[in-house]
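Notes to accompany the following structure.
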Amino acid sequence: MDEKIAKVVFNIPVNKEFDYLCTQENIDKGKRVEVEFNRRKMLGIVTSISSKTSITNLKSISNICDTYPSLSEEKLEFAKKLAKKYILTWGEVIFMMLPNYLKRIKFVDLPPLLSSYIGKDKSKVFVKLNSFYKRYQFYKKQIQEILENNSVILCLPLIDYLKEVSYCIEEDFPGKVVLVHSSNSSRENFLSWLEIRKGRRLILGTPMSLFYYPEDLGLIILEEENSPYYSQQKKPYFNILDIVVMLSEFKNIKVILSGNYPTLFTYRMYKEDKIILVDGYREDKRIEILDFKNFYYKRKNLFTPFVIELMRKKLEEGKNILILWSRKNYSLFLRCNQCGYVIKCRRCSSYLKLSLEKKLCVCSWCGYYENIVDKCKICNSGYMVPVGVGIERLESIVRKIFPEFLVSRGEVINPPGIILGNYNFFNFFVERKLDIDACFILDIDNMLSLVDYETTFNAFIYLKKIACYVKDIYVFTHNPSHYIFESINDSWEKFYEKELSLRRQFNFPPYGIMVKVILKGKDKNKLLKRLESLYNRLKEFNLEIFGPVEEFPFKVRDNYGGALVIKGKNRKMISDICGQVIQKYKSSAYRITVIVR
DNA sequence: AGCACGCCGACT
DNA sequence: GTCGGCGTGCTC
């Protein structure tokens, strides 16, 4: 018996290769194939060719969809590494490396693959500069040099940034730049992917471009590596910095990381002499930390006479001021002034927020909304009172205080005036290089009150980034003795040392591993039972586990969520255990998501 | 993932 | 009696 067997993976959450008989010639690793799988036609990727199998009634491959492999052997191997680390299936990661156009069963005549390039230099550099153009001057020569023989990826956190800088880069590298981002159509995306396949390109892209990396990749540049957009908030929950470092190790190629301040991962590498720090950023602006308590004149009032005077002074000088506020809508909830009833979402365990602009009560989790009611429908005598300050309400407060000045939200105005916005809006401002004289941050306590090991660090990055672009920055807090404020105007390294020692002490990343396992399902009690049983199973391995805890919010769109958080030192051991155990707790009614940090 | 099979509760 | 919901298990 000398039959050829192809091992095939699919885009399904089952970590398994399926064997098919090769009855045709030209079946090869990395090629897309059409096969029958569980009574359906499915697109699979051939991961290897073998001569043995343990399965008896093999089906054969129906059609080959590629002339040349879609993915190289090297990429398949890298996908395997990623899958292991992030507790995903091999197939899921492999399919992320394909443009959507190739995810359908369709014959495509691809050009041949380049041979895999393995570099000789995996040195890492962190460029500490506070603007893209300064950093770009630093990269430019190196990009030129690498492009002679290889490809370069320049990764930016957001599409908006990418579009902003693409013109100047395209001018410097005419005919070399390939743009990769998700706002491209499926067709455009596929054309970019094909272009990349030719090699010797400068790939300018969002994080997804890393999955399209070419065989001849010789340099990766990660712009603003401390950007929160690199810790994916959705589906696969990758950490882009981590992927960049893995890829550089895997291909033995150079990496340049950049930003005004490094991540703690990078700082740790620097401390361990694994990365070179190029520090050209000296002008650290003073961030004024002001204690709310000293300026109270009414309880719970954000705008104390002191704050108002400070703002008025700037406005009278003819300047624009920016007030950052992270809460949307008008109020955080609506409560009856008689019986205390609060309007909740029908599908989630959250309160409905009042939006006067939309003239609705809205759920920020599922999009559910209902009309505004004045009278309480429970006691029928009280009135529904908006509680808490959202940005709509903040706007009306500001308008009352400064009736003589322009007030805008998300709009560009001529100075003097007051602009209100959230942090995303601030990013938008940065990109437009708008001139903001003073920034008032009134809600840093909301940020610091989150129960998450990363919040203090994120708050630091947030404040420092604002300080880069604004002349005066005023931060108001009820908790000025918090350690973030102790060193914020000192040397940045002092804060990093403090934060790093805390992370080390409690085994948080970048020292330990954190795995959050989220279980979701419609039946609350069964969900909790299942979570409990998963907890007990994991406990057998002597792991440090928190939980079970309820997700916040506990219920979204009629689905309950509960989680376990596993923490420890040994990354490999913990992800191996999770990979094995979690598989068995998956079902279609109780979905599992895993976040690895 | 997506689909079949099987088990229980509701209802012409 | 059988229709249909969802939980479970399997796919080369």
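Protein chains get the first letters and strands the later ones, always in sequence-line order, with residue 1 at the start of each.
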Is the ring pair A:F333/A:Y351 parallel, tilted or perpendicular, if the boundaries are 30 and 60 degrees?
tilted

Exactly one of A:K29, A:R32, A:K31 clears salt bridge (charged side-chain N to carboxylate O under 4.0 Å, His left out) with A:D66, and that residue is A:R32

Do the numbers put A:K251 on top of the ring of A:Y117, so that NZ or CZ is under 6.0 Å from the six-membered ring centre and no more than 45° off the axis?
no

Give the B/S/- string for nucleotides 5-12 of chain C, one per nucleotide from 5' to 3', where a protein heavy atom under 4.0 Å of the base yields B, of only the sugar-phosphate yields S, and otherwise -.
--SBBBBB

Looking only at the side chains, is there a donor atom on one of A:Y590 and A:K526 sitting less than 3.5 Å from an acceptor on the other?
no

Using only heavy-atom distances, determine whether the side chains of A:K539 and A:N536 contain a donor-acceptor pair under 3.5 Å.
no

Any ring pair (Phe, Tyr, Trp, His ring centres under 6.0 Å) pairs touching residues 46-74 of chain A, not counting sequence neighbours?
none

Which residues, if any, of residues 95-103 of chain A bring a heavy atom under 4.0 Å of DNA chain C?
none

Do you know which of A:K75, A:E74, A:E77 makes side chain to side chain donor-acceptor pair (under 3.5 Å) with A:S116?
A:E74

